[in-house]
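Structure, as structure tokens:
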There are 2 protein chains.
Amino acid sequence: MKYSIDHKSPIPLHAQAETLLRQLIAEEQFQNGMVLPNEVDLAKQLAISRTTLRQAINKLVFEGLLVRKKRTGTKVSNAAVSSKSNNWLSFSQEMKLRGIPIKNFELHVTWVFPDEYLANFFEIKTDRKVLKMERVRGKPDEPFVYFASYFHPRVGLTGDEDFKRPLYELLENDYSVIATLSKEEISAKAADSFIASKLKIPDGSPVLLRKRFVFDQGERPIEYNVGYYKADSFIYTVESTR
Amino acid sequence: MKYSIDHKSPIPLHAQAETLLRQLIAEEQFQNGMVLPNEVDLAKQLAISRTTLRQAINKLVFEGLLVRKKRTGTKVSNAAVSSKSNNWLSFSQEMKLRGIPIKNFELHVTWVFPDEYLANFFEIKTDRKVLKMERVRGKPDEPFVYFASYFHPRVGLTGDEDFKRPLYELLENDYSVIATLSKEEISAKAADSFIASKLKIPDGSPVLLRKRFVFDQGERPIEYNVGYYKADSFIYTVESTR
DNA sequence: AATGTTAATATGTTTGTACATTACAACATA
DNA sequence: TATGTTGTAATGTACAAACATATTAACATT
């Protein structure tokens with residue numbers, strides 16, 4: 001087999017198994033509608049226990065990528081959501097897609113102590129400094145988003161990186177940190193004075209608040225990102241199938 | 001304990017444990033934000049193994065109802081109402097899952113001529129009437145969402161249906177219309193006077209605007225839905241993997 | 001030929017056990 | 001006083017073993 005599982009890796013076996021299955025399905029080694037090998041054999045092939053394998057399969061079943069059936073086996077669901085539930089574009093790419101030329105300004109990098117909320121997400125203590133990157137984007141006279149990213153110390157960023165490069169490319173190539181999972185929360189809010197000044201809008205104007213929690217393969221937190229978008233400058237679109 | 005687990009029941013123990021936890025949370029035996037007993041003890045109390053208990057907890061964690069944290073314990077997520085992509089719970093169902101009792105009021109059904117925008121989406125002419133359903137939801141003294149749904153004439157609704165029933169169930173059972181695809185747009189906006197009065201908030205307050213375009217199996221448009229959510233009463237969550 | 005029985009095989013359920021990781025607190029030491 | 005060190009309690013990960021259940025296929029019986 002092309003891919004395999006590394007028992008020495010810090011990434012949990014079930015997580016490795018999960019991404020491995022994803023890859024095989026994506027590459028159509030396991031094709032749409034095809035039944036995959038039975039659990040006992042597959043576990044043996046991957047050199048993990050059946051229980052661990054089942055953890056991985058369970059997740060994919062929950063996502064709807066796989067369907068279990070007794071006696072018949074577990075098959076790849078071709079109705080497949082394609083799970084490209086969009087949005088693995090970084091922001092600059094998103095905007096280019098809309099034909100809007102965007103500039104970065106007020107790019108600012110510092111080391112800060114995390115607050116409770118962030119320390120909690122990162123699973124670190126509040127006295128452990130983290131790298132914070134802030135930036136404002138838009139046309140210079142018309143900013144439309146302010147956002148702040150915080151990076152887990154584990155990633156190993158020094159603060160001297162070229163943050164004009166696409167972020168996920170930088171992480172992947174130079175730090176071999178692979179972001180595989182993101183959870184986002186989108187809500188509406190009234191701009192406080194800080195945000196209002198950054199976006200050059202009146203206090204209390206509506207903004208779209210977008211929090212993004214990014215994880216690596218082992219589901220370990222690696223980045224926290226908050227963005228404040230001027231109302232109407234950003235529309236979040238989601239497509240989902242059943 | 002009021003409820004307990006029956007080892008002789010044909011219902012799997014982990015499933016029993018799952019519903020039991022749901023009940024306890026709904027009844028606020030385990031309240032919002034409260035940490036529940038540690039796994040070892042809880043398993044002992046319920047007379048099931050820790051692993052089995054974890055199966056149950058895992059599901060609720062996946063749903064977002066519980067949050068695990070090392071050393072601290074597992075706590076009930078008091079997070080505001082959220083909506084996951086890729087699952088097709090209608091709004092009332094989402095709320096029930098979290099044990100929040102929600103009421104519909106100001107339910108209102110009329111026939112209207114579509115504007116250009118809607119006619120365009122439905123691919124019909126503007127002189128063809130469509131069914132419009134409006135409603136406000138929340139606690140009676142505290143509305144937190146106003147929304148309007150428009151249904152394509154093709155669906156065949158008469159206006160006399162019981163709109164208190166879950167919508168997709170109604171469409172599926174009584175009209176054999178199966179909604180399989182939805183596209184959503186989420187943005188922030190300032191409430192105009194109409195929305196402000198419906199939600200009992202000041203003019204210009206921020207609201208989350210959610211437009212939903214629903215299609216049937218043949219990708220034909222069947223519903224257009226606009227919702228205005230009071231800021232902070234609704235968080236839209238999206239999870240995506242790569 | 002239709003029906004019932006059984007065996008095989010897949011997933012489903014449950015337990016017991018062990019060790020890893022994290023966070024905190026209490027204590028001990030420089 | 002400041003700084004390690006160790007203990008402890010929680011979740012996280014992993015494995016092995018056994019038994020349950022559902023479905024199919026093959027076979028036997030009527």
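Computed from a predicted structure; not experimentally measured. So that the names make sense, note that chain A is the first sequence line, chain B the second, and so on, each numbered from 1.
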Handout entry: Presence of A/Arg54 side-chain N/O under 4.0 Å of C/dT11 phosphate oxygens OP1/OP2
Key = no
Exercise for the section: Verify the distance criterion only: is there a donor paired with an acceptor across the side chains of A/Arg212 and A/Tyr224 at less than 3.5 Å? Expected result: no
Handout entry: Distance, rounded to the nearest Å, where B/Leu53 contributes CG and C/dT13 contributes C1'
Key = 15 Å
Handout entry: Residue whose closest nucleotide on DNA chain D lies nearer the 5' end, B/Asp41 versus B/Thr51
Key = B/Asp41
Handout entry: Polar contact flag, side-chain donor to acceptor under 3.5 angstrom, B/Asn225-B/Ser149
Key = yes
Exercise for the section: Would you please confirm or rule out a distance under 4.0 Å between OP1 or OP2 of C/dT11 and any side-chain N or O of A/Thr74? Expected result: yes
Exercise for the section: Tell me what A/Gln55 touches on the nucleic acid: a base, only sugar-phosphate, or nothing, going by heavy atoms under 4.0 Å. Expected result: nothing
Exercise for the section: For residues A/Gln55 and A/Leu53, determine if any side-chain heavy atom of one lies less than 4.5 Å from a side-chain heavy atom of the other. Expected result: no
Fill in the blank from the handout: Per atom distances to the A/Pro12 side chain, the nearest of D/dT13, C/dT11, C/dT14 is D/dT13
Practice task
Is it possible for you to check whether A/Lys129 lies under 6.0 Å from the centre of the six-membered ring of A/Phe113, through NZ or CZ, and within 45° of that ring's axis?
Solution key: yes
Exercise for the section: May I ask you to decide if the ring planes of A/His152 and A/Phe122 are parallel, tilted or perpendicular, using 30° and 60° as cut-offs? Expected result: perpendicular
Problem - Phosphate-side-chain proximity, A/Ser49 and D/dA14, N/O vs OP1/OP2 below 4.0 Å - result: no
Handout entry: Short side-chain N/O contact from B/Thr52 to OP1 or OP2 of C/dT15, under 4.0 Å
Key = yes
Handout entry: Closest to side chain of B/Leu13, choosing from C/dA10, C/dT15, D/dC15
Key = C/dT15
Practice task
Determine to 10° how strongly the helix from C/dA1-D/dT30 to C/dA30-D/dT1 is bent, judged from the axes of its five-pair ends.
Solution key: 10°
Handout entry: Interatomic distance where CZ belongs to B/Arg50 and P belongs to C/dC19 [whole Å]
Key = 15 Å
Practice task
Establish, yes or no, whether a centroid distance under 6.0 Å links the rings of A/Tyr146 and A/Phe194.
Solution key: yes
Practice task
Mind calculating the distance between CD (B/Glu18) and P (C/dG12) to the nearest angstrom?
Solution key: 15 Å
